[in-house]
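One structure below.
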Amino acid sequence: MRSHEAAEWWRSAVIYQIYPRSFADGNGDGVGDLAGVRARLPYLARLGVDALWFSPWYASPQADAGYDVADYRAIDPVFGTLAEAEELIREAHALGIRIIVDVVPNHCSDRHVWFQQALAKGPDSPERELFWFRPGRGPGGDLPPNDWQSIFGGPAWTRTSDPDGTPGDWYLHLFAAEQPDLNWEHPRVRQEFEDVLRFWLDRGADGVRIDSAALLTKDRALTDFDPEDPPYPHPYTDRDDVHDIYRSWRAIADSYPDKRALIGEVWLPDAQRFANYLRPDELHTAFNFAFLGSPWQAGELQRVIDETLTIHAPVGAPATWVLSNHDVPRHVTRYGRADTSFNLEFRQLGAPTDLTVGTRRARAAILLSLALPGSAYIYQGEELGLEEVEDLPDSVRQDPMFFRTAGANLGRDGCRVPLPWSGQEPPFGFSTAVSDAMKVEPWLPQPKAWKDLSVETQTGDPDSMLELYRAALALRRKSAQLGDGPLTWLPAPDGVLAFARGVTGDRSFICVVNLSGGAVDLPVGGTIALCSGALESGMLPNDTAAWLVR
Ligand code: GLC
């Protein structure tokens with residue numbers, strides 16, 4: 001066991017993201033739930049992950065799939081009960097798996113009691129101070145208070161009606177209209193979220209994932225700005241005062257004798273500003289979206305890896321490696337496109353893809369990610385090699401991004417399709433309590449071809465993605481050199497990444513990834529411990545990774 005593992009477990013952990021509505025459905029209503037997860041905990045233990053991060057499971061009208069929270073201390077009935085969540089935490093702990101819950105502090109649901117009261121009490125009421133209510137501009141206040149755009153498309157403001165029915169003030173929402181932004185200058189907002197943090201840590205959560213962590217604080221002048229030439233600090237992103245919040249949260253996390261992790265969702269193009277969130281008295285780790293967005297290209301990957309390690313070193317935080325999550329097209333699809341890069345403004349949904357190529361690269365990519373220093377994330381279904389489902393009919397789509405852009409942006413439903421577990425026909429064992437008489441379809445339809453990608457089909461097939469993940473995770477656990485620790489690049493031909501893990505004098509674990517376009521001789525000697533594809537006449541084929549020990 002790595003010496004720091006029990007202490008700062010997040011420095012080396014492999015964290016599996018559960019998107020509850022799409023993982024497994026234990027009550028047969030077509031939507032995943034906690035009963036489904038509890039029934040599959042042995043699967044996750046066997047997969048070999050260290051922790052589970054749950055996308056929101058709270059009471060919510062589900063306008064943004066649970067990222068619109070109506071009650072931060074209750075479980076949505078569609079997922080189960082608080083007692084079941086507590087039971088799930090205990091069961092996971094008994095299997096040696098830690099639990100991370102999602103906290104959504106930038107906004108709540110428009111059904112949250114605070115927002116309902118704010119609407120009911122009307123303009124100038126203290127209840128409205130918890131949000132960003134403002135009069136409109138122009139004649140009759142018919143225009144939004146400023147020109148900010150919602151991240152999901154359209155204006156970031158929605159007009160309310162006063163209690164007497166006349167058109168009233170507008171409120172700010174950086175995401176959907178059902179997600180009013182909270183005013184983090186208000187002490188009650190700060191107090192409430194500190195209490196919510198304690199509520200979940202007291203129930204045994206080993207950490208929290210903080211949604212939209214760089215957005216919380218706003219310039220109270222709410223001035224217009226030019227998105228082509230945004231000022232710095234930005235009026236609603238990465239403002240210096242957001243860091244005070246995380247310093248308070250860190251003190252709370254540190255007040256628990258066993259280690260509790262604060263993990264930030266920080267989308268920022270500026271690597272140095274990103275690292276500011278990881279200073280010793282702030283968050284423990286944050287998602288590395290630069291790695292996720294990197295094209296499948298050796299030079300660019302090496303540059304991102306180096307930059308990541310360089311910015312993390314001075315703040316003493318471990319790096320993280322992420323390939324996919326519930327907001328981005330699945331990487332099997334991304335890696336099969338002509339342009340393999342990704343960013344939020346460049347989703348390329350519908351761009352042609354070669355899934356054979358994408359899958360081959362995804363196999364190599366997981367060996368790369370799991371060999372890099374720090375912690376790694378797995379998004380549910382990537383261990384099955386699932387692709388982005390790009391041909392969902394518009395009638396089943398649910399993502400507010402799709403609706404707020406009038407379909408111009410297809411949104412994120414394609415990476416949220418329920419997992420295939422077993423059988424030859426949809427729902428592929430996703431809904432376990434379904435009887436033939438009461439057949440309920442999964443909330444999004446699964447491709448018929450996923451019969452070949454189910455857990456049942458892949459289990460025991462040594463060439464499957466699932467068995468590659470299982471083998472890699474088992475080897476990672478056994479290899480003291482992996483997880484947190486130093487990395488040393490080794491000489492390698494153009495287009496080939498080769499690095500050793502382990503301390504000076506024992507750099508005995510080596511990862512080689514070939515992105516050169518043709519087969520290459522392995523640049524170093526050693527015994528192959530795991531390979532993402534078969535060698536060809538002793539050479540490492542293109543888009544293939546190998547782990548070697550010596
Ligand atoms: C984060 C979540 C995303 C959600 C948004 C608003 O980016 O990951 O799914 O829609 O915040 O809460």
Side-chain angles (χ1 to χ4, degrees), residues 15-23 32 53-72 76 100-112 115 131 148-154 156 158 172-182 184 193 196 208-216 218 236-238 242 263-269 274 277 283 285-289 292-293 320 322-330 342-345 347 349 377 379-381 388 397-405 409-417 444:
I15 300 172
Y16 184 95
Q17 181 188 355
I18 298 216
Y19 193 69
R21 52 196 303 115
S22 303
F23 184 71
W53 147 38
F54 283 85
S55 278
W57 54 18
Y58 314 108
S60 162
Q62 308 287 330
D64 182 23
Y67 282 94
D68 49 319
V69 181
D71 182 347
Y72 291 84
D76 196 279
I100 295 158
V101 299
D102 215 308
V103 170
V104 187
N106 179 66
H107 44 266
C108 59
S109 162
D110 62 346
R111 310 305 301 172
H112 190 286
F115 195 72
F131 299 92
W148 296 1
Q149 292 294 297
S150 152
I151 292 161
F152 288 163
T158 290
L172 175 70
H173 52 85
L174 293 181
F175 293 93
E178 296 86 350
Q179 294 166 296
D181 277 49
L182 288 157
W184 274 86
F193 277 90
V196 166
V208 296
R209 175 264 187 193
I210 304 160
D211 188 68
S212 303
L215 296 184
L216 276 45
K218 275 112 207 168
Y236 62 73
T237 303
D238 190 30
V242 78
I263 304 166
E265 185 206 16
V266 181
W267 286 96
L268 285 182
F274 169 91
Y277 289 77
L283 307 183
T285 67
F287 297 107
N288 182 357
F289 293 121
L292 182 154
T320 66
V322 189
L323 294 167
S324 277
N325 70 24
H326 66 294
D327 292 327
V328 306
R330 285 190 177 273
F342 174 81
N343 71 58
L344 289 175
E345 283 73 44
R347 291 174 174 266
L349 292 172
Y377 286 81
Y379 173 50
Q380 68 176 37
E388 181 79 4
R397 289 192 181 276
Q398 306 218 358
D399 186 356
M401 206 178 249
F402 174 75
F403 296 105
R404 291 189 62 90
T405 61
N409 184 334
L410 290 179
R412 303 161 295 176
D413 290 313
C415 65
R416 300 173 173 180
V417 173
L444 286 174

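Keep in mind that the numbers below use all heavy atoms, side chains included, and drop hydrogens, waters and symmetry copies. Since the model is a prediction, treat every value here as computed from it, not as a measurement. Whatever order the structure lists ligands and atoms in, that order sets their numbers, starting from 1.
Taking the six-membered ring for Trp, F193 and Y72 have ring centres closer than 6.0 Å.
Side-chain contact annotation: R209 with Q17, donor-acceptor N/O pair under 3.5 Å absent. Residues Y67 and S60 bring no donor and acceptor atom of their side chains to less than 3.5 Å of each other.
Nearest non-hydrogen protein atom to atom 4 (C) of ligand 1 is D64 OD2, 3.4 Å. In terms of protein heavy-atom proximity, atom 9 (O) of ligand 1 is closest to D327 OD1, 2.7 Å. D211 OD1, 3.0 Å is the protein heavy atom nearest to atom 2 (C) of ligand 1. For atom 7 (O) of ligand 1, the closest non-hydrogen atom on the protein side is E265 OE2, 2.8 Å.
For R397, the CZ atom counts as densely surrounded, since its 6.0 Å shell holds more than 12 non-hydrogen atoms of other residues, nucleotides or ligands.
Among F175, Y19, W267, the residue whose heavy atom lies nearest to atom 5 (C) of ligand 1 is F175.
Taking every heavy atom of H107 and a limit of under 4.0 angstrom, the matching atoms of ligand 1 come to 6 (C), 12 (O). For ligand 1, the atoms lying closer than 4.0 Å to a non-hydrogen atom of R412 are 3 (C), 4 (C), 9 (O), 10 (O). Using a 4.0 Å cut-off to heavy atoms of R416, the atoms of ligand 1 that qualify are 9 (O).
With a 4.0 Å cut-off on non-hydrogen atoms, H173 does not touch ligand 1 at all.
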What verdict does the side chain to side chain contact (heavy atoms under 4.5 Å, CB included) test give for Y277 and L268, after you've listed the backbone C-alpha separation in whole Å, the side-chain angles of each residue and the deciding distance to 0.1 Å?
CA-CA 11 Å; Y277 289 77; L268 285 182; 3.7 Å; yes
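With hydrogens and angles ignored, the 3.5 Å screen pairs a side-chain donor or acceptor of N288 with a backbone N or O of T320.
Salt-bridge formation is detected for the pair D64/R412: a Lys NZ or Arg NE/NH1/NH2 atom is positioned less than 4.0 Å from an Asp or Glu carboxylate oxygen.
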